[in-house]
Amino acid sequence: MIFQILDADYTYSDKKPVVRLYGRDGSGNSVCCMVHGFEPYFYAKAPPEMAGILQEKFKEHIKKIEPVLRFEPIGYFKNKISMLKITLFDPKGVPAIRDEVRKIVGEIYETDILFRNRYMVDNGLGGMGWANVESEGTLNDNEVLSAVKIISKNVVPVDILKNASLRHLAFDIECLPLNGAMPVPETSPIILMSLAFAPEFNGKKTIVLVGKNTTLEGDFESCGSEEGMLRRFFEIIKDFDPDILVGYNSNSFDIPYVVDRVNILNKKGARIDSIAGRDGRTLYYRKIGNVTRVSVMGRIAVDVLPLLRKEFSLKQYTLRNSAKELLGTEKLDIPILEMEDYWKDNGEKLSKFIEYARRDSELALLFLLKLRLIDKYIALARVSGTLLQDILDGGQTQMVENLILREYMKHDRVLPVRPTGEVSGERYDEGEELAGAEVLPPKKGLLENIVILDYKSLYPTIMMAHNLCYTTEVVGEMPEDVIKAPNGGIFVSRNIVKGIVPSILEDLLDRRQQTRAKMKTADEDEKGVLDATQLALKILLNSFYGYSGYTRARLYSLTLAGAVTSLGRENILHTKDLIENDIKEIILKGGKVTGKDDGIGGKHIGLSVVYGDTDSVFVHLLDKEITFDEAQLVGNSIANTVTESLVKPMELVFDSFAKRAIFLAKKRYALLVQEKTAEGLKEKIKVKGMETVRRDWCEITTKTIEKVLELVLKEAKVDDAVLLVKNTINAIKTIDANSAMFEGLILTRQYTKKVESYKNKQPHITVIEKLQKRGIISNVGDRIPFVILAGNAMFVERAEDPEYVKKKNLPIDVDYYINKQILPPVERILSDFGVTREMLRGMGERKVHTETKQKQLFEF
DNA sequence: GAGGATACCTAG
DNA sequence: TTAGCTAGGTATCCTC
């Protein structure tokens, strides 16, 4: 039988551990496969003669000890050293004895790799990977909810591109707020539960459960009571058997709320069997710090909200705003204060309430399916071998470590344990800091004809080119053939030994190229999977550098991370030098790049690097008339020449051509990019770092700056831009809370940490405090909208919730918007054209005429 | 009024 | 016991 692995855990049979793999097969059955015979183990740095002592001391836990030879985790070593591979009876034995073993032997390894992960890594299996099982019988375990239950000793990975069709259940709860206060499980019951299915469940796309009896008729299920509704909810989970449980903010709110309510009701004598996991366990959550973590064994709990936060840059992530921005859908709404009214009703109001609830679960499902939110994560799981839930909950660390562990094993290297809080603290305090990338100072102002070149996957290719790895880092005596990085790091060359990380990167890079090649001939279905796969490969390629400089990584190496960045800095400076002082100019003749200047004409194009950030160079072509084709020729020519001077696989490529560009500062610029499309040459504006792409400026600012940039870059109409700004300022002067333009004044900022931890007052924090007094709670991570009110108080004190301002018709500080939101950003752009603040305010004429200024700018 | 500290968000 | 990395600009408040 072949199935795709969704999740894994372990249980016991005859006191022996049994790994359970949960998944779905090609014909749509949910599968649980019990694997017997795998045993937990870890390593200890100790000579063979220690084996007897340890065996004797921990005989209840240790099954056997084998003397083995292994490499230590970090450093280039000629020889392996003596270690002990300690095999235990029970996975729980590892945490039970590891601290004491460490005290005896000094160093232990791989003691904190979860048993299910250890099993998968050792057997070449991984999250969302396909597995082939030879069934040795079926299991009669009523606890396990999977449709097919089999027993096996031998599970092998199978390479299948497509994914099994998964079953999705989206849900959302509505709680009854008491007197308009935020609902808490202690007092506020759940009154409605809405569910949406893909594929359909018994012919239904949605079901709304109502936690009371009602005379109302319609498309919903009356459950008599909250208890009855919750029972029905868990019954549906069991019957529909979803692989993916989706919600909006569900892992932080809905699921914990349901768990808490079930506990409260059961304490009062209710009998709600809240089984949700395929292992037969009840729904539960854990609180780690201020983050709740939900796991539903055998299924994937997907909270759409954090995924949207990662994927899309929005000003607000309320369900209402996300649905509007990303799906173009309106959310239905009922004012919190009227909810009780709607709920008590048995007519039209209740009916509305039900439809409002229904929409919320539908939206959660729509986000997941329409935006294909988890495709990327599924691909990441497959490529890295990590369980899908771990990737959704965690970050890059697990994926990188998973890949490294698999390769370390093959090379007889052991992995350290994850550092404790203290160790990672020490790593910070050692004084040395990781220096990052080089940013070349931009030539400020307006420029024409700029070719943008960038390095493909710079950091990974640096690691490959220079054999930078934990396993090549020189820690002892100096070998003959080494690479010295500018940060002082020394690594053995690949002639001596090829690093494990560079090998992994090469493999990822190869697979990415192959995947992209396959996309060209694939059908639409396959294309989607392949595209997600190539994206996942790119993400993983770029994760290794960050991981190496992460103080909490098992394999933290400031030397390695610093070698990467120092070589990166050296490289971009070298690239600039090469272009300006070596290549100097490109000669075009007959639509081609001419190698040598033969003295008989041709178009000589001088080159000047005007900006660069980390892995890019912006080359100003010193000629007024440049076509796109010429720019491309020049760009490719420079890229080729530079690439030839580099160690493979480092590669500089032509990225784009900007007809005009305006540079304000490092990381702040706008380009008028020319692109070739099927319909011919297209122009579009690309903005980086400026107010139009920042979420902490109001819409009036972003819109104004967008228009100013458009006028300046596309048409060089500086006077029109000035006029536009003047008009905007005049319009702002008359705005009040009831104006149509009011929405344009709303600023948002993220509430990033607990209120107490702020050393300085912040406008959005004062709003949070004001809202709290009105019974509205904000959560860390929320983006808080606010406007600035008129008055004599300090700026931060005058921030206020826009809804409240509208309701109370409070006066707006129009001067703030003119002087702080419009004038400074506009001035930064237009000052270079001789525009002053006074002119923008309407007090004075610009001295330098547009054309004159243009001429000056474009003289060489 | 300059300059530092804090906070936020973005580039890469 | 959550969490890839650094560089850099801008606004505001605080200290001198």
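Naming: A, B, ... by sequence-line order, numbering from 1 per chain.
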> Going from CZ on A:R512 to CG on A:L535, what distance comes out if it is rounded to the nearest 0.5 angstrom?
Replying inline: 7.5 Å

With a non-hydrogen cut-off below 4.0 angstrom, is [X] in contact with a base, only sugar-phosphate, or nothing?
X	result
A:K287	nothing
A:G546	base
A:S543	nothing
A:A435	sugar-phosphate
A:R783	sugar-phosphate

In whole angstrom, give the distance that lies between atom [atom1] of [X] and atom [atom2] of [N].
X	N	atom1	atom2	answer
A:Q762	B:dC8	CD	C1'	8 Å
A:Y611	C:dA7	OH	P	14 Å
A:L541	B:dG12	CG	C1'	16 Å
A:F544	C:dT6	CZ	C1'	20 Å
A:L567	C:dT6	CG	P	18 Å
A:D390	C:dT2	CG	C1'	13 Å
A:Q396	C:dT6	CD	P	13 Å
A:E401	C:dT2	CD	C1'	14 Å

Reckon [X] has a side-chain N or O less than 4.0 Å from the OP1 or OP2 of [N]?
X	N	result
A:T752	B:dC8	yes
A:H764	B:dC8	yes
A:R695	B:dT10	yes
A:Y758	B:dC8	yes
A:Y669	B:dG12	yes

>> Within the 4.0 Å limit for protein heavy atoms, which parts of nucleotides 8-16 of chain C are touched? Write it as a string from 5' to 3', B for base, S for sugar-phosphate only, - for none.
In response: SBSSSS---

Kindly point out which of [options] is positioned nearest to the side chain of [X]?
X	options	value
A:K688	B:dG12, C:dG4, B:dC9	B:dG12
A:Y550	C:dA3, B:dC9, B:dG12	C:dA3
A:D613	B:dT10, B:dG12, B:dA7	B:dG12

>> Quick one, A:Q821 with A:T701, criterion side-chain hydrogen bond (donor to acceptor under 3.5 Å, both in side chains). Give me CA distance, side-chain angles, the key distance, then yes/no.
In response: CA-CA 6 Å; A:Q821 286 283 316; A:T701 303; 3.0 Å; yes

>> Using every non-hydrogen atom in the two residues, find where A:S778 and A:L771 come nearest and quote the distance to one decimal.
In response: OG-CD1, 4.3 Å

> Which pair of non-hydrogen atoms, one from A:K666 and one from A:Y611, has the smallest distance, and what is that distance?
Replying inline: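 Reported closest heavy-atom pair: C-OH, 3.8 Å.
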
> Of all residues at least two apart in sequence or in a different chain, which pass the salt bridge (Lys or Arg N to Asp or Glu O under 4.0 Å) check with A:R116?
Replying inline: A:D390

> Does NZ in A:K703 sit with more than 12 non-hydrogen atoms of other residues, nucleotides or ligands closer than 6.0 Å?
Replying inline: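 No.
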
>> For the NZ atom on A:K456, are there more than 12 heavy atoms of other groups (residues, nucleotides or ligands in this structure) within a distance under 6.0 Å?
In response: no

>> Quick test of your reading: applying side-chain hydrogen bond (donor to acceptor under 3.5 Å, both in side chains), list the pairs with at least one residue in residues 457-471 of chain A, sequence neighbours left out, ordered by first then second residue.
In response: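 Qualifying pairs: none.
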
